[in-house]
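Beneath this line is the structure, given in structure tokens, with notes to follow.
Numbering of residues begins at 1 and proceeds along the displayed sequence. The shown structure was predicted, so the numbers you read here are calculated from the model rather than taken from an experiment.
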Amino acid sequence: MAGSPRQPGGFLHGHGHGHGHGGLPSPAPSSASSSNLPHPRNNALQPGSNKEDMVRRYVDEKLLYVSRRYVKKFGDPDPGDTVVGFKSFGEVCKELDGVVNVLWKSGTPGLQIPFLLRLASDFTQYVRSFAPSPKASFDLLHKLDHCFASLLSGQDVETNETLPGFENGLRAGMTTTDMVRCRSLVEQTRVLMVEVMSSGDGGEQEEEDADEDEDEDGDEDGDEMAGGPAWDIDEDELHLDAARIYENTIVHLGKRLGDSLGSGADAATANA
């Protein structure tokens, strides 16, 4: 993921809740998926079990911690505060990426569905407040697309493996209310990302460095590019990336809800 290197010691810096990481699903990604998701555990955690409660509390606390860091971004730094505000959207994506990995590793739809919907909603709030960070943003959205599409179909959309919790069909999956909420988030995110990436704001440092490398490779275009808006160079590519946001989720929502979500979302994106 984009952003500063992952620091050792876990995610809940300064929280001191004391339940530690023992037994938690590892967020280490697996190379088996192009989304860099870990392979889920073999069986879903039992509802009401200690393990399920531990993961639920961990993810809830983690999302709250991310929210606190987001709020701190807008306040004056306090040297004595252990919660430090985000400086870039790449940092936000790194934190959220770790949460997605833990949820996917849990193999438990009862945790995955509500928390991933909440995380996807948080993304739409946070992304508005930072300079564009295309790689970090699209990597995280690609991972969320894999999760939602797989949960909608009951099997991994890349490997076709039946997901834990779906051994008896889709009853453990999204309710109609979940799917309607997911559809709203998909439509909102697709339009929002076009607006954010076309805003004309300079990208984060990591993205600026990438642009400099491109200029070095194509010196004949360098003079024409110099001084132009940061995103003019790759505007077509960014719109293509935006069109691919939640593309698998759209297909599976259409199958489950039986409507023309895809055309509506594409039209909204095109008119953004």
Side-chain angles (χ1 to χ4, degrees), residues 1 6 8-13 15 17-67 92-123 139-175 177-179 181-182 185 246 248-249 252 256:
M1 290 295 301
R6 191 182 300 276
F11 300 110
L12 304 176
H13 301 303
H15 272 204
H17 290 290
H19 55 75
H21 299 285
L24 277 175
S26 169
S30 165
S31 59
S33 168
S34 68
S35 300
N36 287 325
L37 283 161
H39 196 279
R41 55 179 285 124
N42 292 331
N43 300 297
L45 298 169
Q46 289 296 319
S49 66
N50 288 336
K51 285 186 177 180
E52 193 226 27
D53 184 58
M54 181 175 61
V55 176
R56 185 187 304 277
R57 284 188 291 110
Y58 174 82
V59 173
D60 193 48
E61 290 169 1
K62 178 60 181 175
L63 291 178
L64 178 60
Y65 175 63
V66 172
S67 177
V92 180
C93 289
K94 183 183 72 171
E95 296 281 9
L96 295 179
D97 177 74
V99 177
V100 174
N101 286 343
V102 167
L103 286 168
W104 198 247
K105 181 76 172 178
S106 77
T108 307
L111 295 174
Q112 294 167 333
I113 293 169
F115 277 124
L116 288 172
L117 287 170
R118 175 176 160 189
L119 188 150
S121 178
D122 289 348
F123 176 95
D139 283 353
L140 180 59
L141 289 171
H142 177 59
K143 182 172 285 193
L144 286 171
D145 181 38
H146 181 109
C147 293
F148 285 134
S150 298
L151 289 168
L152 282 162
S153 63
Q155 60 184 26
D156 189 290
V157 291
E158 288 186 5
T159 66
N160 295 324
E161 295 178 68
T162 298
L163 296 179
F166 288 88
E167 293 82 5
N168 297 317
L170 296 175
R171 285 177 296 177
M174 289 192 191
T175 64
T177 301
D178 293 330
M179 287 187 280
R181 184 182 178 197
C182 186
L185 283 168
Y246 287 131
N248 293 311
T249 303
H252 289 282
R256 295 290 303 278

Val92 side chain near Phe123 side chain, heavy-atom distance below 4.5 Å: no
Partner set under side-chain hydrogen bond (donor to acceptor under 3.5 Å, both in side chains) for Asp122, not counting sequence neighbours: none
Parallel, tilted or perpendicular: rings of His146 and Trp104 (30°, 60°): perpendicular
Pairwise distance CG(Leu117) to CG(Leu144) - rounded to 0.5 angstrom: 9.5 Å
Heavy-atom closest pair, residues Pro40 and Gly107: CB-CA, 4.1 Å
Nearest-0.5 Å distance, CZ of residue Arg56 to OG of residue Ser49: 9.5 Å
4.5 Å side-chain heavy-atom contact, Lys143 and Asn101: yes
Check: Val102 and Lys62 side chains under 4.5 Å, non-hydrogen atoms: no
Main-chain N/O of Val157 paired to Ser150 side chain as donor or acceptor, under 3.5 Å: yes
Separation between CE of Met174 and NE2 of His252, rounded to the nearest 0.5 Å: 11.0 Å
Point-to-point distance, once rounded to the nearest 0.5 Å, from CG of Leu141 to OH of Tyr246: 5.0 Å
Residue Asn160 excluded, over 12 heavy atoms near CG under 6.0 Å: yes
Lys/Arg-Asp/Glu bridge criterion (N-O < 4.0 Å) met for Asp53, Arg57: yes
side-chain contact (heavy atoms from CB on, under 4.5 Å), paired with Leu116, selected from Val59, Leu111, Leu103, Val99: Leu103
Side chain to side chain, Asp139 and Cys93, heavy atoms closer than 4.5 Å: no
Heavy-atom check, side chain of Cys147 versus side chain of Leu37, under 4.5 Å: yes
Nearest-0.5 Å distance, CD of residue Glu95 to CG of residue Leu63: 10.5 Å
Side chains of Asp178 and Leu151 in contact at under 4.5 Å (non-hydrogen atoms): no
Shortest non-hydrogen contact between Leu163 and Glu167, atoms and distance: O-OE2, 4.1 Å
Taking every non-hydrogen atom, the tightest pair across Val55 and Ser106: CG1-CB, 4.4 Å
Residue pair Met54, Leu45: steps toward the side chain to side chain contact (heavy atoms under 4.5 Å, CB included) verdict: CA-CA 11 Å; Met54 181 175 61; Leu45 298 169; over 6 Å; no
Pro109 versus Ala44, closest heavy-atom pair with distance: CD-CB, 4.2 Å
From Thr175 atom OG1 to Ile113 atom CD1, the distance as rounded to the nearest 0.5 Å: 7.5 Å
Heavy-atom side-chain proximity of Arg256 to Leu170 below 4.5 angstrom: yes
Which residues share a side chain to side chain contact (heavy atoms under 4.5 Å, CB included) with Asn248, sequence neighbours left out: Asp145, Ala149
Beyond-backbone contact of Asn43 with Pro164, side-chain heavy atoms, under 4.5 angstrom: no
Partner residues of Glu161 under the side chain to side chain contact (heavy atoms under 4.5 Å, CB included) criterion, sequence neighbours left out: His39, Thr159
